[in-house]
Amino acid sequence: HVSLVESGGGLVQPGGSLKLSCLASGTIADVYVMAWYRQRVGNQRDRVAAITTDGDTDYADFVKGRFTVSRDNAKRTIYLQMNNLQPEDTAVYYCHANIAQEEVGTIDDYWGRGLQVTVSS
């Protein structure tokens, strides 16, 4: 069994910052690409940022220069530092990872349950 558990969401004023964390746990052999997605009300789920095990990163245009993704491979944790948050960043943020389970032999997609981030004055 594998799970992704997110933390760090909440309410913040425009221009403020939040840091999200996501821990992968369970019967894990290896964790590959990890990423953050978000889904605003009435919209599709969009990828925000992704990071490989080597630390290569990719960002959506709408967060470049404001958000920073990082990871701690030893802790199987991905982070998302979000600065200069704006009301349009209000969304449910989801953690995603490609994970190989022990004794399974395949690499599968896993999702966290999602965190609400609300940017409002």
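- Here the straight-line distance linking atom CG of N83 with atom CZ of F67 works out to 8.5 Å at 0.5 Å rounding.
- For the atom pair CD (Q81) and OG (S21), the distance works out to 9.5 Å, reported to the nearest 0.5 Å.
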*E88 and R40: side-chain contact (heavy atoms from CB on, under 4.5 Å), yes or no, with the steps?*
CA-CA 8 Å; E88 54 267 33; R40 298 185 293 173; 3.8 Å; yes
_Please evaluate residues T68 and L80 with respect to the criterion side-chain contact (heavy atoms from CB on, under 4.5 Å), reporting the C-alpha separation (whole Å), side-chain torsions for both, the decisive distance (0.1 Å), and the verdict._
CA-CA 6 Å; T68 303; L80 186 68; over 6 Å; no
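- With hydrophobic clusters built from ILVMFWY side chains whose heavy atoms lie under 4.5 angstrom apart, V117 shares a cluster with I78.
- Cluster membership check: L85 does not share its hydrophobic cluster with Y79, using side-chain heavy-atom separations under 4.5 Å among Ile, Leu, Val, Met, Phe, Trp and Tyr.
- The same ILVMFWY cluster, assembled from side-chain heavy atoms under 4.5 Å apart, contains both V92 and W111.
- With T118 contributing its side chain and T90 its backbone, the two residues share no donor-acceptor pair below 3.5 Å.
- A distance-only check finds no donor-acceptor pair linking the side chain of Y94 to the backbone of Q39 [under 3.5 Å].
- Side-chain N or O atoms of R76 include none that pairs as donor or acceptor with a backbone N or O of V31 at under 3.5 Å.
- V48 and V5 sit in two unconnected hydrophobic clusters of ILVMFWY residues. Membership requires side-chain heavy atoms under 4.5 Å apart, directly or through other members.
- In this structure, M34 CE and S70 OG are separated by 10.5 Å, a value rounded to the nearest 0.5 Å.
- Panel note: side chain N73, backbone T53; a donor-acceptor pair is recorded below 3.5 Å.
- Contact between V33 and A50 at its shortest, heavy atoms only, is CG1-CB, 4.3 Å.
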*Apply side-chain contact (heavy atoms from CB on, under 4.5 Å) to L11 and S120, showing your working.*
CA-CA 7 Å; L11 173 65; S120 175; 4.2 Å; yes
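- Considering CD of E6 and OH of Y93, their distance stands at 12.5 Å, rounded to 0.5 Å.
- Under the 3.5 Å distance criterion, with hydrogens and angles disregarded, a donor-acceptor pair is assigned to the side chains of T106 and D108.
- The line from NZ of K19 to OG of S7 is 10.5 Å long, rounded to the nearest 0.5 Å.
- Judged by distance alone, with hydrogens and angles left aside, the side-chain atoms of E103 form no donor-acceptor pair with the main-chain N or O of Q101 at under 3.5 Å.
- T77 contributes no side-chain N or O that, together with a main-chain N or O of L23, makes up a donor-acceptor pair within less than 3.5 Å.
- Remark: R38 engages D89 in a salt bridge, criterion side-chain N to carboxylate O under 4.0 Å.
- Note: the hydrophobic cluster containing F62 also contains M82 (ILVMFWY, side chain heavy atoms under 4.5 Å, direct or indirect links).
- Here the closest heavy-atom approach between residue L4 and residue Y110 is recorded as CD1-O, 3.3 Å.
- Here the straight-line distance linking atom CD1 of I99 with atom CD1 of I28 works out to 4.5 Å at 0.5 Å rounding.
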